[in-house]
There are 4 protein chains.
Amino acid sequence: MPAHAGLYINVEGKPAVDVRFRVRFHETDAMGVVHHAAYITWFEEGRSEYTRVAGFPYSRMSDEGVNLAVIDLAARYLRPARYDDEVIVTTCLEETSSRRLTFTYQVCRLPDRATLATGSTSLVSVDAAGHVMRLPDAVLATYRKAGRG
Amino acid sequence: MPAHAGLYINVEGKPAVDVRFRVRFHETDAMGVVHHAAYITWFEEGRSEYTRVAGFPYSRMSDEGVNLAVIDLAARYLRPARYDDEVIVTTCLEETSSRRLTFTYQVCRLPDRATLATGSTSLVSVDAAGHVMRLPDAVLATYRKAGRG
Amino acid sequence: MPAHAGLYINVEGKPAVDVRFRVRFHETDAMGVVHHAAYITWFEEGRSEYTRVAGFPYSRMSDEGVNLAVIDLAARYLRPARYDDEVIVTTCLEETSSRRLTFTYQVCRLPDRATLATGSTSLVSVDAAGHVMRLPDAVLATYRKAGRG
Amino acid sequence: MPAHAGLYINVEGKPAVDVRFRVRFHETDAMGVVHHAAYITWFEEGRSEYTRVAGFPYSRMSDEGVNLAVIDLAARYLRPARYDDEVIVTTCLEETSSRRLTFTYQVCRLPDRATLATGSTSLVSVDAAGHVMRLPDAVLATYRKAGRG
């Protein structure tokens, strides 16, 4: 049973969080489909929702001086999303070390659940000067608890 | 004669600053032309260049704790810009009071100089808590000097 | 009584449509608040929702070769939105002529309903070559019906 | 000697193309640095410049019905870019097959030439219906010629 409202166990047995929204018109480009950079902001929205559900919203992080910086990003594009499509971003936490968090993402279109894109991002904790630091214990504990479902 | 490299006197006798760049693909939308919100970022780029030329770059402002917040915005769209078009944003400073700066913008396409859009933004100085404050004297003096050409 | 689910009569007696979402992190800027251009995309999202509720989604318009181009835009910024804020965009249709639609917007923050920004956009119908044309009767009828509540 | 103005041979002996611009304010986020998704649009700008220099601008491609869709993307972030920084994107063409083009990117900051980010994207040619098709011979020949320097 998920530890938190919104967290569920996916078909691979991993805790996952969904966020659902419609494609905005400004996210499209002159090829008539969603621009590939928009998916990167959707991944972030998935990660935000995961963090919210895990009980440690980004907004609280920034109040406590924790900045999570993306250091690595990968995306694969399978089918285009179009304006007005309803999409779901499913986010899992793949790796939780004291220095690095890795999230994976799957973007599906509704209602047919076709996968449009997949991706992953790794993040590190940086202080105000931009130096990599150990993830604060409270952040780590929150993610580890969520990551166990 | 302009007081600063980059500042020139336009046909209406006002100091003006130009910045020139190409339309980026991600700025287009599914109608095949540049999305109307992209012009707002171009106005900002025009204002940035004006400020740079006037000798008080935004980057220095933020170091000194000066935040200029847009409080009012207007834009008129005449002709669409397209991907790869080269455009020029011409920026003038219309109003310089101790509490408010108003910039106007004209976006032209090269090489035919057709006007694509015009606009204006008004900005106020806000402190870290977001309260409106008097513009710092150094900022005001810089703009007034530039505004006189 | 509203003609459509989602349309309601606001305090000024006008049909209105609400759309609600959270501020995305990428919409913020280095001043720590939402960038002023992001509101323009929120206005568009409000207009999209209005159009969807009125029964003539943008996606159908584009299938039928109707392009609505923004020709005029105004925005006033009252208070900053921040990352993770939940906001509501309320959209009304102010003007429906055979050549021009004018929408007005109010962006409020939840839960305190403070108004963050207001704005308006005027749109015209353009053909594939970008020439202004009369709004198609079906589009006009849909909007007029919605605009009467 | 480069085959085209703008193409040069880099230290690894590969043809490369540079494009140079300033960071725009709207590209920053509330962490005070450039948002990671902005680099993806910079990679695209590098690719656009490469294509322009190679003699087959994207704008001509779209006139001829050629759409190049990104199917794969990777980015690594080393140091943050900040507002007003001047950056250079260096683009190389790593792979040119009849079905796939792979570009690599390096983003450096001026004047110290520190590398801020690196990345790669793979693109395929799609027809109007979105089906993958062989790259048109003229496109392929242009890229192959450029790729030989």
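Every chain is numbered from 1, with letters handed out A, B, ... down the list of sequences. Values reported hereafter were calculated over all heavy atoms of this structure, with side chains retained and with hydrogens, waters and symmetry mates removed.
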If you round to the nearest 0.5 Å, how far is [atom2] of [Y] from [atom1] of [X]?
{"X": "A:Asp29", "Y": "D:Glu44", "atom1": "CG", "atom2": "CD", "result": "7.5 Å"}
{"X": "A:Asp72", "Y": "D:Arg76", "atom1": "CG", "atom2": "CZ", "result": "4.5 Å"}
{"X": "A:Met31", "Y": "D:Leu68", "atom1": "CE", "atom2": "CG", "result": "7.5 Å"}

Notebook entry, point to check: Of the backbone (N, CA, C, O) and the side chain (C-beta and beyond), which part of D:Leu78 lies under 4.5 Å from a heavy atom of chain A, both, or neither?
Noted result: neither
Check: Pick from A:Asn67, A:Thr121, A:Val33, A:Thr41: which one has the most heavy-atom pairs with chain D under 4.5 Å?
Finding: A:Asn67
Check: Top residue by heavy-atom pair count (under 4.5 Å) with chain D, among A:Ile71, A:Val126, A:Ile40?
Finding: A:Ile71
Notebook entry, point to check: Would you say D:Tyr77 and A:Leu73 make side-chain contact, with heavy atoms under 4.5 Å?
Noted result: yes
